[in-house]
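In what follows, a structure is listed as structure tokens, so that the remarks can point back to it.
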Amino acid sequence: MNYRIIASGSSGNAVVVEDMLFDCGVPYAKVRNHLYDVRYLFITHQHSDHLNTVTFNAIKKEFPRIKVIANWEIAYRIPVDHIVGDDTEIKLKNRTILSFPCPHDVVCHGFVVQKKDVNMIYATDTTTLEHAPKLKYDYLFIESNHDENKIRAIQNTSRKLYGYDAWQGAMRHLSTQQSKAFYYMNRRDEDSEWIELHKSMRFY
């Protein structure tokens, strides 16, 4: 699969995989040139770094053919063509979409795309991947937010150092250790690709 990570992190998220765009939490100018071949827009959750409503509205205005796939909470805010829940299967023309819950502080979902004999998974902003479908994956786009050792080292001093509780924030995201473990336990073979998402600038 061809892919391009336009942005991934707390300042914005948008990843193009073939004819699919995952999240649109960046300015429209950053994604516009990638949209001509996009057929589907997946939105994981409503946080602004994943759903920039100005960008979304511009996408729908200029590229109305793009179908939106997102959860019911997002559907309260924007038009959604396919609403997913914690265990939804969507049959499209040449692929199957599976959704699964990603525990976060808002309703958040990950997606599995099965296309021909290729399985890919996309999941970010989650504390665990225990709800992911038990499959063998060729492409694993999964959160790899922080190094657990770095977070432990500043657990009691982060508020003084940075002005916020880094430990509490990290517990809302998948660590690099968890991400790597999921990759090794769920990859199809050694050629399967691990694409790390949402890496912390301070604690990765």
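Side chains of R187 and E190 form a contact here, defined as non-hydrogen atoms less than 4.5 Å apart. Q46 is listed as a side-chain neighbour of R77, based on a closest heavy-atom distance under 4.5 Å. For the pair I142/T124, no side-chain contact is recorded, criterion being any heavy-atom separation below 4.5 Å from C-beta on. Side-chain atoms of C24 and I59, non-hydrogen and from C-beta on, do get closer than 4.5 Å to each other.
Between the side chains of E196 and S144, at least one donor-acceptor pair of N or O atoms lies under 3.5 Å. Checking W194 against S179 by side-chain atom types alone, a donor-acceptor pair falls below 3.5 Å. For the residue pair D147/T176, the side-chain donor-acceptor check at 3.5 Å is not satisfied.
Rounding to the nearest 0.5 Å gives a distance of 12.0 Å between CD1 of I43 and SG of C108. Atom CG in N2 sits 5.5 Å away from atom CD in E18 (nearest 0.5 Å). Separating the CG atom in N52 from the CG atom in N57 is a distance of 9.0 Å, to the nearest 0.5 Å. In this structure, CD1 in I66 is found 7.5 Å from CG in L21, a value given to the nearest 0.5 Å. A distance of 8.5 Å separates OG1 in T126 from CD in E130, rounded to the nearest 0.5 Å.
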Could you walk me through whether N119 and R188 pass the side chain to side chain contact (heavy atoms under 4.5 Å, CB included) check? CA-CA 9 Å; N119 292 335; R188 187 187 300 277; 3.5 Å; yes
Begin from the C-alpha positions of V112 and L135 and carry the test side chain to side chain contact (heavy atoms under 4.5 Å, CB included) through to its verdict. CA-CA 9 Å; V112 169; L135 299 169; 4.0 Å; yes
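Between R32 and E62 a salt bridge is recorded (basic side-chain N to carboxylate O distance below 4.0 Å).
The closest donor-acceptor contact from the side chain of S175 to the backbone of Q178 lies under 3.5 Å. The main-chain N or O of L174 is found under 3.5 Å from a side-chain atom of E143 such that the two form a donor-acceptor pair. Put simply, the side chain of K136 gets close to the backbone of M185: a donor and an acceptor are under 3.5 Å apart. Looking at S99, its side chain does come within 3.5 Å of a backbone N or O of G85 through a donor-acceptor pair. Judged purely by atom type and a 3.5 angstrom limit, D81 uses its side chain to pair as donor or acceptor with the backbone of V68. Looking at K60, its side chain never comes within 3.5 Å of a backbone N or O of R65 through a donor-acceptor pair.
Looking at T44, T55, N13 one by one, the single match for side-chain hydrogen bond (donor to acceptor under 3.5 Å, both in side chains) with D23 turns out to be T44.
For residues 87-106, every residue pair satisfying the salt bridge (charged side-chain N to carboxylate O under 4.0 Å, His left out) rule, not counting sequence neighbours, is listed here: D19-R95, E89-K91, D105-R172. Pairs of residues two or more places apart, or lying in two chains, never qualify as salt bridge (charged side-chain N to carboxylate O under 4.0 Å, His left out) while including a residue from residues 45-58. Pairs passing the ring pair (Phe, Tyr, Trp, His ring centres under 6.0 Å) check and including a residue from residues 43-80, sequence neighbours excluded, read Y36-F63, H45-H47, H45-H50, H45-H104, H47-H104, H50-H198. Judged as a salt bridge (charged side-chain N to carboxylate O under 4.0 Å, His left out), not a single pair has a partner in residues 115-128 (not counting sequence neighbours).
Annotation for A7 and V26: closest pair CB-CG1, 3.6 Å, computed over non-hydrogen atoms. Pairing each heavy atom of A123 with each of L129, the nearest pair is CB-CD2, 3.6 Å. Minimum heavy-atom separation, H109 to V107: CE1-CG1, 3.5 Å. Taking both residues in full, the closest heavy atoms of T88 and I83 are given as CG2-O, 4.3 Å, listed atom of the first, atom of the second, then distance. Taking every heavy atom of both residues into account, Y137 and L140 meet most closely at CB-CG, 3.7 Å. Across all non-hydrogen atoms, the minimal contact from C102 to G110 is SG-N, 3.4 Å.
Taking E73 as the reference, nothing meets the salt bridge (charged side-chain N to carboxylate O under 4.0 Å, His left out) condition, with sequence neighbours excluded.
V15 shares a hydrophobic cluster with M1, Y3, I5, V17, M20, F22, Y40, F42, I69, V84, I90, L92, I97, F111, V113, V118, M120, Y122, Y139, F141, I195, L197; the chain of contacts runs through ILVMFWY side chains whose heavy atoms sit under 4.5 Å apart.
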